[in-house]
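Since the structure comes first, as structure tokens, the remarks are kept for the end.
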Amino acid sequence: MKKLITTLLFICLGIVEMHSQISISLQTGYNTVEKPNLNELNQSLLEALPFQAGIVDDFPDYVYFQGAFLIYLQNFDWGINMAYTSTGSRISYEDYSGNYTQDNFVSAFNIGFLIQKRFRLSGKHQGIIFLEGGSVISFLTIEENILIGEVNENYKYDFENTSFYISPGIKYQYPVYDFLRVGLSLSYFLDLNKEYHLKNNDNAILTLENSGTKVKSNWDGIRFGILAEFYIKSIFKIEEPEYGI
């Protein structure tokens, strides 16, 4: 194991010395997610209750956080990309005898590969086209709280799934310092969604009570983001490449 780690370390150092640029990119933004399956889940859970409850939140669009490590190689940037997202909903009811709440929280962690091509727009303005792809691990937690008088009961159910995604997009960047570029990003995230199953039990599939339809993750949507890209060059005494068309 030590020999393998040492070999990988030398390979990484060799890539850094051989090629002209490495960078770390940080990004955050807003996702207009499409979520019909989750909205149907809320409606199904609502209809199953023996009293007239209401939906307070219904999986609103969410903020995402993303980071990437990039190496400039053969006129392209190649890298590893990671991101985290979450959203949720609440069903609630209250009267003189007590109250009921049901919180449904969904989150996802994705990791994958990124390839992008830079081109000069004008002066220091730079455009980028890119493609991401990889794996999405999604989590769904349904938590019920029932309070009647002094009796309080809680129930919690954890579901998960693993699927794949692809995400093409474009970016705009402008250098504010030698080591830093800031910019904007626009992309479409396509989740090749799979059904949720009970945690640690792949055979216990979550379905809608009123139709029997399997509940799937669905992170599809347009992403708008702002980004900062930090160039690591002074440490290794390397020069920034000239990006042409």
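- Listed by chain and residue number, Asn42, Asn104 satisfy the side-chain hydrogen bond (donor to acceptor under 3.5 Å, both in side chains) test with Ser89 (two or more places apart in sequence, or in another chain).
- With a 6.0 Å cutoff to the six-membered ring centre and a 45° limit on the axis angle, Arg223 counts as a cation-pi contact of Tyr64.
- Partners of Asn203 according to the side chain to side chain contact (heavy atoms under 4.5 Å, CB included) rule, which considers only residues two or more places apart in sequence or in another chain, are Asn201.
- Residues forming a ring-ring contact (aromatic ring centres under 6.0 Å, His included) with Tyr155 (at least two apart in sequence, or on another chain): none.
- For the pair Tyr157/Leu206, no side-chain contact is recorded, criterion being any heavy-atom separation below 4.5 Å from C-beta on.
- Qualifying side-chain hydrogen bond (donor to acceptor under 3.5 Å, both in side chains) partners for Ser167, counting only residues two or more places apart in sequence or in other chains: none.
- Residue Asp220 comes nearest to Asp191 through the heavy atom pair OD1-N, 2.6 Å, listed as atom of the first residue, atom of the second, then distance.
- Through chains of ILVMFWY side-chain contacts below 4.5 Å, Phe105 is grouped with Tyr84.
- In this structure Thr101 satisfies the side-chain hydrogen bond (donor to acceptor under 3.5 Å, both in side chains) test with no other residue, sequence neighbours excluded.
- Between Ala108 and Ser138, the shortest heavy-atom contact is CB-OG, 4.0 Å.
- Checked against the 6.0 Å centroid criterion, the rings of His197 and Phe159 do not qualify as a close aromatic pair.
- Legend: salt bridge (Lys or Arg N to Asp or Glu O under 4.0 Å) pairs involving residues 121-132, not counting sequence neighbours: none detected.
- With sequence neighbours left out, Glu144 forms a salt bridge (Lys or Arg N to Asp or Glu O under 4.0 Å) with no residue at all.
- Within the hydrophobic cluster formed by Ile, Leu, Val, Met, Phe, Trp and Tyr side chains joined at under 4.5 Å, directly or through other members, Ile137 is accompanied by Phe139.
- Through direct or indirect side-chain contacts shorter than 4.5 Å among Ile, Leu, Val, Met, Phe, Trp and Tyr, Ile226 is connected to Leu184.
- Contacts classified as salt bridge (Lys or Arg N to Asp or Glu O under 4.0 Å) and involving residues 81-90 (residues at least two apart or in different chains) are given here: Arg90-Asp103.
- Legend: residues meeting side-chain hydrogen bond (donor to acceptor under 3.5 Å, both in side chains) with Ser25, ordered by chain and number and at least two apart, are absent.
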